[in-house]
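A short write-up of the structure that comes next.
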There are 2 protein chains.
Amino acid sequence: MSSKKGAYSYKFPRPAVTVDCVVFGLDLEAEHLKVMLIQRDLEPFAGQWALPGGFVREHESLNEAAERELREEAGLDNIFLEQLYSFGEPQRDPRGRVISVAYYALVSPEAHEAIASTDARDAAWFDLEEVPSLPFDHKQILTMAKERLKGKVRYRPIGFELLPEKFTLSQLQRLYEIILETKLDKRNFQRKIHRMEILVDTGEVQQNVAHRAARFYSFDEAAYKQLERDGQEFSI
Amino acid sequence: MSSKKGAYSYKFPRPAVTVDCVVFGLDLEAEHLKVMLIQRDLEPFAGQWALPGGFVREHESLNEAAERELREEAGLDNIFLEQLYSFGEPQRDPRGRVISVAYYALVSPEAHEAIASTDARDAAWFDLEEVPSLPFDHKQILTMAKERLKGKVRYRPIGFELLPEKFTLSQLQRLYEIILETKLDKRNFQRKIHRMEILVDTGEVQQNVAHRAARFYSFDEAAYKQLERDGQEFSI
DNA sequence: GCAAAAGTGTTCACTTTACACCCATGT
DNA sequence: ACATGGGTGTAAAGTGAACACTTTTGC
C-alpha cells in the first residue's frame, strides 16, 4: 500500500478522503431553514437521503472538490462555501476508513431554482426540522453546521447569502429570527442595520402587496469592507 | 489503486492524511506567545523546524492522532486541543498528495517542562515573532491558528489553559494583552473578571516579591458552566 | 373601511470607558 | 525611603431593551 514515489515512506493504509456539504436555504414564507439532501444512487445506503458529497480527486483541492460536488450533484455554482470541520472516526463509514472534510454552503432563493433545471434531479430541500434519518455521521455534521451558522451569522454578514439580491428589511429580520430562533424588536433591528450603513436602497419597492410597500435593499460589499477598515464590526 | 473491499468503488489514488499541531505557550516574563516546533528527522525537509505532526493511523480518530503526535514528539499529554482546519492543496507536500488536518493546542508553563523530560529532545519553543521559515504550508497553518486563538480567547475561557493552575489577575490581564495585542485598563479588567464569578480565590498570595503580594486565583470550571446555564457569556 | 405589514422616537437601565491614588512588600 | 506592582471607585458616554402609533396599499 506504500506509494511508488521513492521519497514516500508512509507505511500505513491510506484512508479515503471525501467532502460532504451542508447546503442551507431559506424559506421565508414557511419561516424555516432548509437543507439540501440528495438521494444516494450508490451503496452503501443507496436510496437514502444524504448530504451531497463525494471523494476528493487527485489534482483538486478540498475546496475545489466541494465546489465540484455541489455543481455535479446539486447544480449549484458560485455560492458561499466555507469549510466546517473534518470528521475522522475510524468507524464512521462501513466501507472502511473514510475521512470526511465537511463544508457548509448558503444559497439564495434564486439559486434554489438551479436545482430543478440541472441533472440534479435527485436533490431536494428539507425543512431543517423534518430531516429524515441520515447515513454515516451526517446528522452530526448537520448539527455542527447549524451551530456554526447560528454562531457566525451574528458577527459576519453571511446571512445575505440566503436572501435574494434585493430584499426588504423585514425579510432580513425574519432571516435572523429564523436562524437565531428568537424574536427581534423591529425598531431596534432597523436602527442597528441602518447605523452600520452596509445596505444600499435600490429605489425599488414591493409591488401588488396588500399593505404599504416595503423598500428593497441590497448588501453593499464595499461599504462593509469600509466598516471593517474603520475598526467597526458587523453585529446583530 | 482501488481497495480490496468489495463494496468500495473508489477508483482514484488516495491521498495520505496527516495531522499537524500548533502548540501555543505563553512566556509571561518575555511577554510573548510561543510556539513549539520540532526538528524534522525525516525527509523531506529533514533538519528543518516544523510543526509537530504525522500520519494518521488506520484505527485512530483524527483527535487521537493529534494527541498521539503531541505525546510522541512533544511529550505533551492531556492538554487543550481543538481542530483548526484542514489543508489540502494538491501541491502542498512535495511527496505527493497529502491532506493535513491541523489542530491547535494550548499548554501551561507547568506542561512546558514535560518537553525537557521526555524523548522529545528535538522540540523547542520559539517566540511567535521569531519563527524560522517553515516547510510545507506550515506558516499558513500557524497564521490561521493565531487568528483563531485571537478570535476565540475573547468569548471562551480558553486563555486559562496557557496559565499555571494558580495565577494572579495581572498575569491573566497580561495574557489577554499579549494575545489581543492591545493594552487593557486594569480596573475595568478586574471588575469584568470578578463580575463573571468564574475564579476562585485560592487564599494564597505571591511570596518574596518586592511589592504588595498578589492573590492567586484559579479558574472555576463549574462556576463557568453555571454562568453558561444562566444564559450569560464569558467575554473579555 | 378594514386588514396587513411598513416605518418611525423616546425613555430607562446597564455597560463601557476614562481616569489616579493609596497599599503592601523587599531591598 | 524608595521602587515596584497590587488593589480599588466614580462620573460621563454610549449601547441595548422595551414599548405604540401612523402610513400605505389592495381588496
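A note on names: the letters A, B, ... follow the listed sequences, proteins ahead of strands, and every chain is numbered from 1.
- Residue-to-nucleotide contacts include a donor-acceptor pair under 3.5 Å from the side chain of B:Lys186 to the base of D:dG7.
- Distance CG (A:Leu169) to C1' (C:dA5): 13 Å, rounded to an integer number of Å.
- At whole-Å resolution of the value, CD1 in A:Ile193 and P in D:dG16 are 12 Å apart.
- Between the P atom of D:dG5 and the CD atom of B:Gln207 lies a distance of 18 Å, rounded to the nearest Å.
- Side chain of A:Gln39 to main chain of A:Gly47: a donor-acceptor pair is present (N/O by atom type, distance under 3.5 Å, no hydrogens or angles).
- Taking atom CG of B:Asn188 as the reference point, atom P of D:dG7 lies 16 Å away to the nearest angstrom.
- When the P atom of C:dT8 is taken as reference, atom CG of A:Asp201 falls 10 Å away, rounded to whole Å.
- Summarising the local packing, CZ of A:Arg215 is surrounded by 12 or fewer heavy atoms from other residues, nucleotides or ligands at distances under 6.0 Å.
- Heavy atoms of A:Arg215 sit under 4.0 angstrom from primed sugar atoms or phosphate atoms, though from no base atom.
- In this model, the phosphate group of D:dG5 is not approached by any side-chain N or O of B:Ser170 to a distance below 4.0 Å at OP1 or OP2.
- The backbone N or O of B:Asn63 sits nowhere less than 3.5 Å from a side-chain atom of B:Gln83 that would complete a donor-acceptor pair.
- OP1 or OP2 of C:dT16 sits under 4.0 Å from a side-chain N or O of B:Arg195.
- Considering all non-hydrogen atoms of both residues, A:Lys183 and A:Glu177 come closest at NZ-OE1, 3.6 Å.
- Each of B:Arg191 and B:Ala213 has a nearest nucleotide on DNA chain D; the 5'-most of these lies closest to B:Ala213.
- Two residues, A:His211 and B:Arg187, neighbour DNA chain C, and the one matched to the more 5' nucleotide by heavy-atom proximity is A:His211.
- Between A:Leu184 atom CG and D:dG16 atom P there is a gap of 13 Å when expressed in whole angstrom units.
- Distance CD/A:Glu82 to CG/A:Leu149: 10.0 Å, rounded to 0.5 Å.
- Taking the side chain of B:Ala214 as heavy atoms from C-beta on, and the options C:dA6, D:dG26, D:dG6, the nearest nucleotide is D:dG6.
- When the nearest nucleotides of DNA chain C are assigned to A:Gln206 and A:Asp185 by heavy-atom distance, the more 5′-ward of the two goes with A:Gln206.
- When rounded to the nearest whole Å, the span between CZ of A:Phe189 and C1' of C:dA6 equals 14 Å.
- The residue A:Thr168 sits apart from the nucleic acid: no heavy atom pair falls under 4.0 Å.
- A:Ile236 places its CD1 atom 15 Å from the C1' atom of D:dT15, with the value rounded to the nearest Å.
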